[in-house]
Undergrad: 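Mind having a look at this structure? Questions to follow.
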Amino acid sequence: MPLHMTKIAYRSGSVENLRRWVEAGERAEMTTRYLPKRHEEMIGGSLFWIIDHTIVARSPIMEFEQRPDGRWTIWLAPQLVQVHPRPKRAHQGWRYLADADAPRDLEEGEDVSDAMPGRLAGRLEKLGLI
């Protein structure tokens, strides 16, 4: 089972803006200063995007490549797959996400509005109601 990671989609503001960026070319590029220690486990996994304290979508991870300036490029497939919204606190950089803990994809014909909003789910979870 592949390992995934989460990342805040800062400056995107919405899933549609994120989709335009991710699906604009043959592959999407994200840079980071440090190569994740468990990067080999992430090939075939996904980068799960967080918007407004909620995991909302994922992009498959294709490969990691070191740049001439010493930074690392994470190459993503040009695909944004919406998932069932799940609350996720803000964090800097990226965090690992086990496959068992990853939210499931929305099925074809399923609308994101059919799922409970992430913030509401987070509050209900804190109260022990879900």
Side-chain angles (χ1 to χ4, degrees):
M1 295 203 301
L3 184 64
H4 309 289
M5 60 194 234
T6 61
K7 176 91 173 114
I8 300 213
Y10 62 93
R11 294 190 212 158
S12 66
S14 71
V15 174
E16 290 314 310
N17 286 342
L18 180 61
R19 182 180 308 283
R20 279 193 286 277
W21 175 74
V22 168
E23 296 180 352
E26 290 183 28
R27 55 188 183 167
E29 170 185 356
M30 190 185 82
T31 60
T32 184
R33 275 188 269 177
Y34 304 107
L35 177 67
K37 289 182 177 148
R38 299 175 67 186
H39 68 279
E40 292 173 347
E41 296 174 65
M42 290 191 211
I43 304 300
S46 291
L47 174 68
F48 281 81
W49 296 103
I50 301 169
I51 296 177
D52 194 26
H53 302 281
T54 305
I55 297 175
V56 294
R58 67 178 182 83
S59 297
I61 298 171
M62 297 170 59
E63 66 178 307
F64 295 84
E65 177 181 33
Q66 189 165 24
R67 298 168 23 150
D69 64 1
R71 294 177 64 91
W72 288 87
T73 298
I74 302 172
W75 292 106
L76 305 171
Q79 173 186 16
L80 191 72
V81 179
Q82 284 191 267
V83 299
H84 272 267
R86 173 158 314 151
K88 182 72 173 170
R89 290 185 5 192
H91 56 75
Q92 291 184 341
W94 41 263
R95 297 288 183 271
Y96 295 118
L97 178 66
D99 194 53
D101 298 328
R104 72 174 180 84
D105 295 350
L106 289 178
E107 303 206 11
E108 192 169 327
E110 193 174 16
D111 190 335
V112 72
S113 64
D114 294 341
M116 186 179 297
R119 278 197 166 169
L120 176 59
R123 289 183 180 144
L124 292 174
E125 187 174 26
K126 281 182 184 178
L127 293 171
L129 299 173
I130 60 170

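The basis for the numbers below is simple: all heavy atoms, side chains too, and nothing from hydrogens, waters or symmetry mates. Source: prediction; values computed, not measured.
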Undergrad: When you compare the side chain of I61 with that of L76, does any pair of heavy atoms fall below 4.5 Å?
TA: yes
Undergrad: Name all pairs fulfilling the ring pair (Phe, Tyr, Trp, His ring centres under 6.0 Å) condition that reach into residues 58-80, sequence neighbours left out, sorted by first residue then second.
TA: H39-F64
Undergrad: In chain order, what residues pass the salt bridge (Lys or Arg N to Asp or Glu O under 4.0 Å) check against D105, with sequence neighbours excluded?
TA: R58
Undergrad: Who pairs with A102 by side-chain contact (heavy atoms from CB on, under 4.5 Å), at least two apart in sequence or on another chain?
TA: H4, F48, L97
Undergrad: Which atoms form the tightest heavy-atom contact between H91 and T6, and what is the distance?
TA: NE2-OG1, 3.0 Å
Undergrad: Going by salt bridge (charged side-chain N to carboxylate O under 4.0 Å, His left out), name the pairs with one or both residues in residues 30-39, residues two or more places apart or in two chains.
TA: R38-E41
Undergrad: For I43 and P2, which heavy atoms make the closest approach, and how far apart are they?
TA: O-CB, 4.5 Å
Undergrad: To the nearest 0.5 angstrom, please state how far the OG1 atom of T73 sits from the CG atom of L35.
TA: 11.0 Å
Undergrad: Tell me if a side-chain donor or acceptor on R71 pairs with a main-chain N or O of P68 at a distance below 3.5 Å.
TA: no
Undergrad: Extract all donor-acceptor atom pairs below 3.5 Å that involve side chains of residues 20-31 and protein atoms in other chains or at least two apart in sequence.
TA:
| unit_1 | atom_1 | unit_2 | atom_2 | d |
| --- | --- | --- | --- | --- |
| R20 | NH2 | N17 | OD1 | 2.2 |
| E23 | OE2 | R19 | NH1 | 3.3 |
| E23 | OE2 | L80 | N | 3.1 |
| R27 | NH1 | E63 | OE2 | 2.9 |

Undergrad: Is M42 close to I74 at the side-chain level, that is, under 4.5 Å between some pair of heavy atoms?
TA: no
Undergrad: Should we say atom CZ of R89 is surrounded by more than 12 heavy atoms from elsewhere, each under 6.0 Å from it?
TA: no
Undergrad: Identify, with sequence neighbours excluded, every residue that meets side-chain contact (heavy atoms from CB on, under 4.5 Å) alongside I8.
TA: Y10, I50, A90
